[in-house]
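Okay, so here's the structure we're looking at.
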Amino acid sequence: MFTEILDYKVFGGTKKELLDCVESFDKVNIISGNPEILYSGMKDEFLNKVYNDESAIIIPDGVGTVIASKMVKNPVKEKIAGIEVMGEIINKCEKEGKSIYLVGAKEEVLKECVTNIKNKFPNIKIVGYHNGYFDLENCDDIVEDIKIKKPYALFVAMGCPRQEIFIARNMKEFPCKIFMGVGGSFDVFAGKVNRAPEWMINLGIEWLYRVVKEPFRIKRLGVIPKFLWKVKKNN
Ligand code: UDP
């Protein structure tokens, strides 16, 4: 079910199998393993520990990670986009009467995101939310609120490594089952940023759409060849 890429165990099953696998954990931290995230873990000891922790599942979120799995001759069954997993978890929580909590993004984006989630999943219990612009060293009020509200799933959209730090520091204390850093996903739920059209997603060129829409991302793409080169060298 897992593919070894560099020193990571990347989930190799389908999205449906992932949701079943998540159930088998007491607490799980779902990591959206695109090349940028995985490469950052090669350079940073803290992130490396987070990604390799026994409570973590790394999903192959990105065509670069899928290519890497082919290079190590143990291809993952499919690319699994973090934002889709977030949607599936919300859907499951709605059906099962479980609650969610959202931390991240700008206040107005977060509010739109909450409204849109409620419209799409009318019975979902959103027990709390907070924007992502606060001092990580001084956020006891947010931490306490999450402890009191006891959400089943906590989604944190503050970009890497901020979201990983917030989750890792509090995971033991928080009474949640599912933790997930979701990067820019609240912006997508809020309708501020669109996902690429279906045909581009299917062709594996969603990254091209994002670069055209947000050109500052082009620099960040440089990490893909570096990551693949490392995979090749290690193989
Ligand atoms: N963000 C935040 N707090 C910060 C910095 C960023 O909540 O201190 C939010 C930002 O508003 C955006 C998300 O984090 O909603 C990060 O998006 P980005 O596109 O960088 O993430 P990616 O999807 O590339 O990981």
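All ligand and atom numbering here is 1-based and tracks the order in the structure. Everything numeric here is computed off the predicted structure, so don't read it as measured data. Just so it is clear, the values below take in all heavy atoms, side chains as well, and ignore hydrogens, waters and symmetry mates.
Of all atoms in ligand 1, numbered sequentially from 1 with element shown, those under 4.0 Å from a heavy atom of Asp187 are 12 (C), 15 (O). Within ligand 1, counting atoms from 1 as listed, the ones closer than 4.0 Å to a heavy atom of Gly159 are 14 (O), 16 (C). Near Arg162, the atoms of ligand 1 lying under 4.0 angstrom from a non-hydrogen atom of the residue are 3 (N), 4 (C), 8 (O). Remark: ligand 1 atoms within the under-4.0 Å shell around heavy atoms of Arg220 are 20 (O), 22 (P), 24 (O). Atoms of ligand 1 found under 4.0 Å from any heavy atom of Arg210, numbered from 1 in the order shown, are 23 (O).
With respect to Glu214 and Arg220, no salt bridge is recorded, no charged nitrogen being found less than 4.0 Å from a carboxylate O. By the 4.0 Å N-to-carboxylate-O rule, Lys92 lies too far from Glu88 to be salt-bridged with it. Between Glu144 and Lys147, at least one side-chain N (NZ, or NE/NH1/NH2) sits under 4.0 Å from a carboxylate O, which counts as a salt bridge. Between Glu137 and Arg169, at least one side-chain nitrogen of the basic residue sits less than 4.0 Å from a carboxylate oxygen of the acidic one, meeting the salt-bridge criterion. Using a 4.0 Å cut-off between a side-chain N of Lys or Arg and a carboxylate O of Asp or Glu, Lys125 and Glu96 do not qualify as a salt bridge. Remark: Glu78 does not engage Lys15 in a salt bridge, criterion side-chain N to carboxylate O under 4.0 Å.
Ligand 1 has at least one atom lying under 4.0 Å from a heavy atom of Arg217. Using 4.0 Å as the threshold, Tyr133 has a heavy atom nearer than that to some atom of ligand 1. Contact analysis puts Ala157 in contact with ligand 1, with a non-hydrogen atom separation below 4.0 angstrom.
Note: an N/O pair closer than 3.5 Å links Gly184 and ligand 1 by distance alone. Where the criterion is an N or O separation shorter than 3.5 Å, residue side chain and backbone included, Val182 fails it with respect to ligand 1.
When hydrogens are left out, the protein atom nearest atom 3 (N) of ligand 1 is Gly132 O, 2.8 Å; that is the closest non-hydrogen contact. Looking at atom 7 (O) of ligand 1, its nearest protein heavy atom turns out to be Ala105 N, 2.9 Å. Residue, atom and distance of the protein heavy atom nearest to atom 13 (C) of ligand 1 are Gly183 O, 3.4 Å.
Counted within 6.0 Å of NZ on Lys106, heavy atoms from surrounding residues, nucleotides or ligands total 12 or fewer; the atom is thus considered open.
Contact annotation: for Glu36 versus ligand 1, there are no heavy atoms closer than 4.0 Å.
For the pair Arg162 and Phe134, the distance from NZ or CZ to the six-membered ring centre is under 6.0 Å and the angle to the ring normal is within 45 degrees. Remark: Lys9 qualifies as a cation-pi partner of Phe2 under the 6.0 Å distance and 45° angle criteria applied to the six-membered ring.
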